[in-house]
2 protein chains.
Amino acid sequence: MDKIERLLRQHHIRPTAIRLLMYKFLHEKNVAVTLNDIESGFDKSERTTLYRTIKTFEKNGLVHQIDDGTGVAKYALDEPENQKGNSQDLHLHFHCTSCNETVCLTDHKIPHISLPKGFVTQDMNLVLKGTCDKCNRK
Amino acid sequence: MDKIERLLRQHHIRPTAIRLLMYKFLHEKNVAVTLNDIESGFDKSERTTLYRTIKTFEKNGLVHQIDDGTGVAKYALDEPENQKGNSQDLHLHFHCTSCNETVCLTDHKIPHISLPKGFVTQDMNLVLKGTCDKCNRK
DNA sequence: AAAAACATGCAACTTAAGTGCATTATTTCC
DNA sequence: GGAAATAATGCACTTAAGTTGCATGTTTTT
């Protein structure tokens with residue numbers, strides 16, 4: 001409890017009730033969640049607040065937004081190892097078209113790609129799509 | 001003119017006036033366009049029609065949709081060499097955060113990526129973000 | 001030329017994202 | 001500790017993109 005509070009403070013986020021709850025919520029999930037997912041998990045609070053909360057988390061480097069091609073933004077906690085270094089976490093994401101879940105594959109880094117002359121890369125986004133381990137076992 | 005008509009027919013698309021115009025429009029551009037871009041280029045026609053036209057093109061393998069992270073779907077013509085083979089065109093896209101243009105880098109293929117056991121990949125999406133050659137020259 | 005199939009245009013709906021502003025809670029500073 | 005300042009929350013509303021239903025118009029088929 002104290003631990004989460006300290007973590008939020010480290011990121012310059014005031015640890016309000018909702019924020020603590022949302023952090024726990026995100027922490028329990030091991031998949032990326034949409035704002036709707038979050039909303040469903042919080043009967044208490046209101047969409048706008050949850051929206052602004054996740055945006056605050058994002059701005060302060062606690063979560064990253066994932067664009068998996070479904071057209072809806074998803075969010076996942078930054079892993080601690082990525083939080084330390086200020087290097088951007090260029091891990092890839094896997095989107096399962098069967099269960100619609102998206103997971104971070106944090107230990108799969110995106111390979112370096114050489115571009116035509118004049119292009120400067122600042123960021124990248126790689127999403128693999130297919131069926132995940134859970135769905136393939138069924 | 002006839003050439004485009006034949007091309008559409010080859011893709012089982014009836015060559016109506018709007019479709020011919022849209023094909024030309026897409027062909028002239030060398031960047032991916034949004035539905036809004038198309039709309040702006042066609043005072044004549046209506047959003048719904050343009051929407052359905054581009055979707056018809058997509059369904060019949062004439063264009064591919066690109067999700068560059070801006071939250072708006074973009075479309076670009078499939079290159080002829082990709083049309084022949086039925087292998088999915090796994091080229092990558094570059095999105096310029098300065099001019100907001102997105103281009104297909106068709107000769108840059110996405111490298112193979114090995115996944116954890118149980119994951120089966122069917123498709124993938126790689127978008128690099130940064131500044132393009134034109135913007136860097138300015 | 002009539003029937004069938006398809007394309008187009010208009011209106012309306014859905015969903016997600018985002019903003020303005022009043023109210024409530026938390027810090028800061030004396 | 002209490003007042004002022006700052007920030008968080010909740011509600012209503014707006015925007016933007018995508019999408020569908022249906023009536024009308026056009027093309028194809030026979």
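Order of the sequence lines sets the chain letters (A, B, ...), proteins ahead of strands, with each chain counted from 1.
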Q.
Holding to ring-ring contact (aromatic ring centres under 6.0 Å, His included), I want the full list of residues that pass it with B:F94, two or more places apart in sequence or in another chain.
A.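 Counting only residues at least two positions away or on another chain, B:F94 forms a ring-ring contact (aromatic ring centres under 6.0 Å, His included) with A:F119.
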Worksheet item: Can you name the residues that form a ring-ring contact (aromatic ring centres under 6.0 Å, His included) with A:F42, not counting sequence neighbours?
Response: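 A:F25.
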Taking [Y]'s backbone N and O only, do any of them form a donor-acceptor pair with [X]'s side chain (distance below 3.5 Å, no angle check)?
X: B:D68; Y: B:T70; answer: yes
X: B:T97; Y: B:G130; answer: yes
X: B:R19; Y: B:R14; answer: yes

query: Can you tell me how far the CD atom of B:E28 sits from the CG atom of B:L77, to the nearest 0.5 Å?
result: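 Rounded to the nearest 0.5 Å, the CD-CG separation comes to 11.0 Å.
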Contact between [X] and [Y] at the side-chain level, heavy atoms closer than 4.5 Å - yes or no?
X: A:T53; Y: A:I38; answer: no
X: A:I4; Y: A:P15; answer: no
X: B:D123; Y: B:L90; answer: yes

Please enumerate all protein N or O atoms sitting under 3.5 Å from an N or O of nucleotides 12-16 of chain C, with distances to 0.1 Å.
from   : atom 1 : to    : atom 2 : distance (Å)
C:dA16 : OP1    : A:N36 : ND2    : 3.3
C:dA16 : OP2    : A:N36 : ND2    : 3.1

- the helix from C:dA1-D:dT30 to C:dC30-D:dG1: angle between its terminal axes, five pairs each, to 10°?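 Roughly 30°, once rounded to the nearest ten degrees.
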query = Looking at DNA chain D, which of residues 49-56 of chain B put a heavy atom within less than 4.0 Å of it?
reply =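 Those residues whose heavy atoms fall under 4.0 Å from DNA chain D, taken from residues 49-56 of chain B in numerical order, are B:Y51, B:R52, B:K55.
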Between [N] ([atom2]) and [X] ([atom1]): distance, integer Å:
X: B:E46; N: C:dT8; atom1: CD; atom2: C1'; value: 8 Å
X: B:R19; N: D:dT28; atom1: CZ; atom2: C1'; value: 13 Å
X: B:N60; N: C:dC6; atom1: CG; atom2: P; value: 12 Å
X: B:L20; N: C:dT8; atom1: CG; atom2: P; value: 10 Å

* Asked: Between B:S45 and C:dG9, is there a side-chain N or O to OP1/OP2 distance below 4.0 Å?
  ->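 Yes, such a contact exists.
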Anything under 30° is parallel, anything over 60° is perpendicular, the rest tilted; go ahead and classify B:H93 against B:H64.
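Aromatic pair B:H93/B:H64 classed parallel.
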**Asked** When the ring planes of B:H27 and B:Y23 are compared, do they come out parallel, tilted or perpendicular, using 30° and 60° as the limits?
**Response**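 It falls in the parallel class, under 30°.
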So with a 6.0 Å cut-off around NZ of A:K59, is the heavy-atom count from everything else above 12?
->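 Result for NZ/A:K59: open.
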Protein heavy-atom contacts under 4.0 Å, written 5' to 3' over nucleotides 23-29 of chain C as B (base), S (sugar-phosphate only) or - (none), form the string ----S--
